[in-house]
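Note that the coordinates shown come from a computational prediction; the quantities given were computed from them, not determined experimentally. When a ligand or atom number is given, it counts from 1 through the structure's own listing order.
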Amino acid sequence: MSKKIYVIYTGGTIGMKPTDSGYAPSGNMQALLDEKLPSHARKGLPDFDLVEYEDLIDSSNIRPQNWQQMATDIADHYEDYDGFVVLHGTDTMAFSSSMLSFMLRNLDKPVIFTGSQIPLCEPRSDGLENFVGALSLATDERINEVCLYFNGRLMRGNRARKQNAYLFDAFDSPNFPWLGRADINIELNEALLLKPENKPEFHLECAEDTQVGIVQLFPGITAQWLEAALNQPQKAFIMRTYGTGNGPDGDPALLDTLKKATDAGKIIVNLTQCHRGAVHQDSYAAGSALAEAGVIGGLDTTTEAMFCKLHHLLSKGYSTWKIRELVGHNIAGELTI
Ligand code: ASP
């Protein structure tokens, strides 16, 4: 029996049209796809049903409610389709593919995010290739996880990052190999793919409106600046540090601010500002000082994935201690242990 894919169109460049203030989300994706991919050109492709969200967004407007909408939609249609494609803006696609990897637990079907750098309505668009590739991958029974497909690269959704605003190669997976590549043939790196877990069965976990904050170290950062950030209502923060997780250990007031915040129950996870690499707080004294102040090392998790992981763990209502412990545990393939 031929396979059927459920395609969700959330907005993003792929469906945008030019306006006086630049490209903006636009509807009628079905008509656009029918024009670019007429039925006689669909040989070898699966059938698909397309749902277009009422509120199409530039993905820089993404909010937890949007994640809840996408994940619930997939869960509601889970039994009726063989796979899922999410058309999404590239700016925050890595956040959404990460978040859905934590919300859609124990998947045994592919969920593939894609989009484009140039809208489908433009002559040089990369949208059609990305869509067709994602559609083909969404039929592949070897894939049981949330992935991001872009310009021939198949990446784990919670390992991908937007790395280039200009190239068609907009995404990479800096700390984990690509899961596959689409050239003349589509080749998957099967050893890396997540295996389906039958128990518990596929289920949806919610993304409550709890939020996570991100602070970034910079030369000359003061204790007051950091304190103002950590005094925000967020319960968990990512602190983007230098190199393998180093910070200004020569500033006792700053370390004291961190210690007071972690003693008060704030969760602070150390991730590196480097595009590639992992945090090991014990490599340097400047990193050990952060650990002594209660900061937790986030290993090689990307900022996007850690943001969503913390969001997920907070949504589950876990205690501070449980969350501190789970930061270093692999939940959905997001870190290398
Ligand atoms: N601003 C757009 C968005 O994220 C960029 C894109 O889709 O490429 O929605």
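An N or O contact shorter than 3.5 Å links Asp58 to ligand 1 by distance.
Applying the ring-ring contact (aromatic ring centres under 6.0 Å, His included) test to pairs two or more places apart or on separate chains, those with a residue in residues 39-63 are Phe48-Phe131.
Within the 4.0 Å heavy-atom shell around ligand 1 one does not find His88.
Taking a cut-off of under 4.0 Å to the non-hydrogen atoms of Thr13, the atoms of ligand 1 that pass are 2 (C), 5 (C), 6 (C), 7 (O), 8 (O). Near Met16, meaning under 4.0 Å from one of its heavy atoms, ligand 1 places the atoms 9 (O). The distance from ligand 1 to the heavy atoms of Gly12 drops below 4.0 Å at these ligand atoms: 7 (O), 9 (O).
Between Lys162 and Asp91 there is a salt bridge, since at least one side-chain N of the basic residue sits less than 4.0 Å from a carboxylate O of the acidic one.
With a 4.0 Å cut-off on non-hydrogen atoms, Met93 does not touch ligand 1 at all. Residue Ser116 touches ligand 1 through its backbone alone, judged by heavy-atom distances below 4.0 Å.
Of the protein's heavy atoms, Ser59 OG, 2.5 Å lies nearest to atom 4 (O) of ligand 1. Regarding atom 1 (N) of ligand 1, its nearest protein heavy-atom neighbour is Asp91 OD2, 2.7 Å. Nearest protein heavy-atom contact of atom 8 (O) of ligand 1 is Thr90 OG1, 2.5 Å.
Note on ring orientation: taking the six-membered ring where Trp is involved, the planes of Phe84 and Tyr78 are parallel (angle under 30°, cut-offs 30° and 60°).
Heavy atoms from other residues, nucleotides or ligands lying under 6.0 Å from CD of Glu141 number 12 at most. The local environment of CZ in Phe218 is crowded, with over 12 non-hydrogen atoms from other residues, nucleotides or ligands closer than 6.0 Å.
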Requested in this report: Apply the test salt bridge (charged side-chain N to carboxylate O under 4.0 Å, His left out) to residues Asp169 and Arg153: give CA-CA distance (whole Å), side-chain angles for both, the deciding distance (0.1 Å), then the verdict.
Outcome: CA-CA 8 Å; Asp169 274 332; Arg153 299 173 176 178; 3.4 Å; yes

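In this structure, the ring of Phe95 has its center less than 6.0 angstrom from the ring center of Phe307.
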